[in-house]
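The next block holds one structure in the form of structure tokens; read it before the comments.
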Number of protein chains: 2
Amino acid sequence: MKPSTIDLKAIIRAEGLRYTNQRESVWQELQSSDDHRDAEDIYFSLRQKGINISRATVYRTIEVLVKNNLVRKLDLGDGKNRYECKWDAAHHDHLICTECGKIVEFMNDQVEGIQSDIAREYGFSLSYHIHQLFGLCEDCR
Amino acid sequence: MKPSTIDLKAIIRAEGLRYTNQRESVWQELQSSDDHRDAEDIYFSLRQKGINISRATVYRTIEVLVKNNLVRKLDLGDGKNRYECKWDAAHHDHLICTECGKIVEFMNDQVEGIQSDIAREYGFSLSYHIHQLFGLCEDCR
DNA sequence: AATTATGTGAGATTCAATATCAATAAGGAA
DNA sequence: TTCCTTATTGATATTGAATCTCACATAATT
Ligand SMILES: [Mn+2]
Ligand SMILES: [Mn+2]
Ligand SMILES: [Zn+2]
Ligand SMILES: [Zn+2]
């Protein structure tokens with residue numbers, strides 16, 4: 001992931017919130033990889049780097065980032081939420097290997113269009129969708 | 001839902017399991033409606049009908065039914081698994097109202113086909129998928 | 001520096017789901 | 001039918017992710 005052009009301090013303060021070391025740390029940690037990580041991952045990585053932070057603060061901060069569209073929350077069906085840095089990313093969905101956990105991102109305009117058609121057909125106004133394909137990756141089958 | 005032509009006793013015993021009142025009761029309860037219900041719903045409905053059963057047994061029995069493709073387990077993102085009777089149902093995905101919880105079932109051959117294409121493109125062999133559209137239904141928007 | 005309200009940390013709590021284990025009962029044998 | 005073996009059940013404890021509580025810390029303003 002390329003270095004952020006995002007000014008977290010400005011965003012945080014525009015929300016009327018306080019800019020803190022903990023919030024900056026969580027944001028940096030999430031930006032440090034392209035992975036789809038869970039809150040516990042973030043918590044442990046920060047602790048390992050000697051940064052003192054609590055689980056509660058990790059959860060609370062992630063929620064702030066999600067609300068400001070800097071991070072996307074994902075439920076990949078393994079019982080815990082995962083998060084990905086999405087401030088510069090176009091929409092995409094996921095292909096997941098049920099054996100090794102590998103995650104491939106895909107985007108298909110045709111499917112996106114059909115989703116809108118389906119919503120219209122049933123009188124729904126769509127706000128978001130979940131589209132996940134599960135199976136075995138090349139290496140695992 | 002039309003009355004079952006399924007012989008649960010035969011299926012259960014073919015699995016080398018014992019046919020019990022509890023297992024039959026859970027199966028009957030799941031068949032009694034077309035809804036997407038959670039385990040607690042099933043548990044309470046049975047108790048209300050005077051059937052003595054424990055939560056643990058409800059969970060365990062549902063798992064047996066899922067493994068035998070009589071019931072489909074769904075994660076609709078509200079923190080608890082939901083179940084639908086699917087012994088006679090063709091595959092379908094879901095459109096969910098985030099306001100009132102209404103669930104509409106849809107099926108689109110084109111999307112199903114594209115999913116296969118995507119899997120092939122990335123070298124995956126697909127085993128299942130989750131496709132859920134969230135938004136406001138006609139009544140709620 | 002003083003003030004004040006927001007943010008944080010440690011631990012308690014919630015809730016769905018699973019595990020434990022003594023008691024029960026299904027189903028095969030006689 | 002009765003007996004026997006063992007899967008199943010129920011009551012309860014436990015797990016794990018996520019949230020809540022509240023005394024204390026600290027960001028931000030004056
Ligand atoms: Mn992704
Ligand atoms: Mn359905
Ligand atoms: Zn794999
Ligand atoms: Zn609605």
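Here is the naming used below: chain letters follow the sequence lines, and residue numbers restart at 1 for every chain. These numbers come from a predicted model, not from an experiment.
- Rounded to whole Å, the distance from CG on A/Asn52 to C1' on D/dA25 is 12 Å.
- Ranked by how close their nearest DNA chain C nucleotide is to the 5' end, B/Ala56 and B/Tyr19 are led by B/Ala56.
- Atom-to-atom distance recorded for A/Ile96:CD1 and A/Cys137:SG is 12.0 Å, nearest 0.5 angstrom.
- B/Gly16 comes within 4.0 angstrom of nothing in the nucleic acid, heavy atoms only.
- The CZ-C1' distance, from A/Arg55 to D/dT21, rounds to 17 Å in whole Å.
- When the nearest nucleotides of DNA chain C are assigned to B/Gly79 and A/Tyr43 by heavy-atom distance, the more 5′-ward of the two goes with A/Tyr43.
- Look at CG on A/Asn81: it is 13 Å from C1' on D/dG16, rounded to the nearest Å.
- One interatomic measurement links the two molecules: OH of A/Tyr83 to P of D/dA17, which rounds to 12 Å at whole-angstrom precision.
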Quick one: side chains of residues 98-107 of chain B, donor-acceptor pairs under 3.5 Å with protein atoms, not counting sequence neighbours, listed by atom name and distance.
unit_1, atom_1, unit_2, atom_2, d
B/Thr98, OG1, B/Gly135, O, 3.4
B/Glu105, OE2, B/His36, NE2, 2.9
B/Glu105, OE2, B/His92, NE2, 3.1

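- The OH atom of A/Tyr59 sits 16 Å away from the P atom of C/dA10 (whole-angstrom rounding).
- If you check every strand for non-hydrogen atoms under 4.0 Å, A/Arg82 touches nothing.
- Summary of the strand contacts: A/Asn21 and B/Gln22 both lie near DNA chain D, and taking for each the nucleotide with the nearest heavy atom, the more 5' one is attributed to B/Gln22.
- Panel note: side chain B/Asn68, backbone B/Val64; a donor-acceptor pair is recorded below 3.5 Å.
- Within the nucleic acid shown, B/Asp38 has no heavy atom closer than 4.0 Å to any nucleic acid atom.
- Defined by atom type and a distance below 3.5 Å, a donor-acceptor pair is missing between the side-chain atoms of A/Arg120 and A/Ser125.
- Taking 4.0 angstrom as the limit, B/Arg13 places a side-chain polar atom (N or O) nearer than this to OP1 or OP2 of C/dG28.
- At a threshold of 4.0 angstrom between heavy atoms, the contacts of B/Arg23 are confined to the sugar-phosphate backbone, with no base atom among them.
- Atom CD of A/Glu63 is separated from atom C1' of C/dT8 by 17 Å (rounded to the nearest Å).
- Between B/Thr20 and the phosphate of D/dA7, there is no side-chain N or O to OP1/OP2 separation shorter than 4.0 Å.
- Atoms CZ (B/Phe44) and C1' (C/dA16) sit 13 Å apart, rounded to a whole Å.
- Closest to the side chain of A/Arg18, from the set D/dA11, C/dG27, D/dA28, is D/dA28.
- Within 6.0 Å of NZ in A/Lys49 there are more than 12 heavy atoms belonging to other residues, nucleotides or ligands.
- Look at CD1 on B/Ile12: it is 11 Å from C1' on D/dT8, rounded to the nearest Å.
- Taking only side-chain nitrogens and oxygens, A/Thr57 comes nearer than 4.0 Å to OP1 or OP2 of C/dG9.
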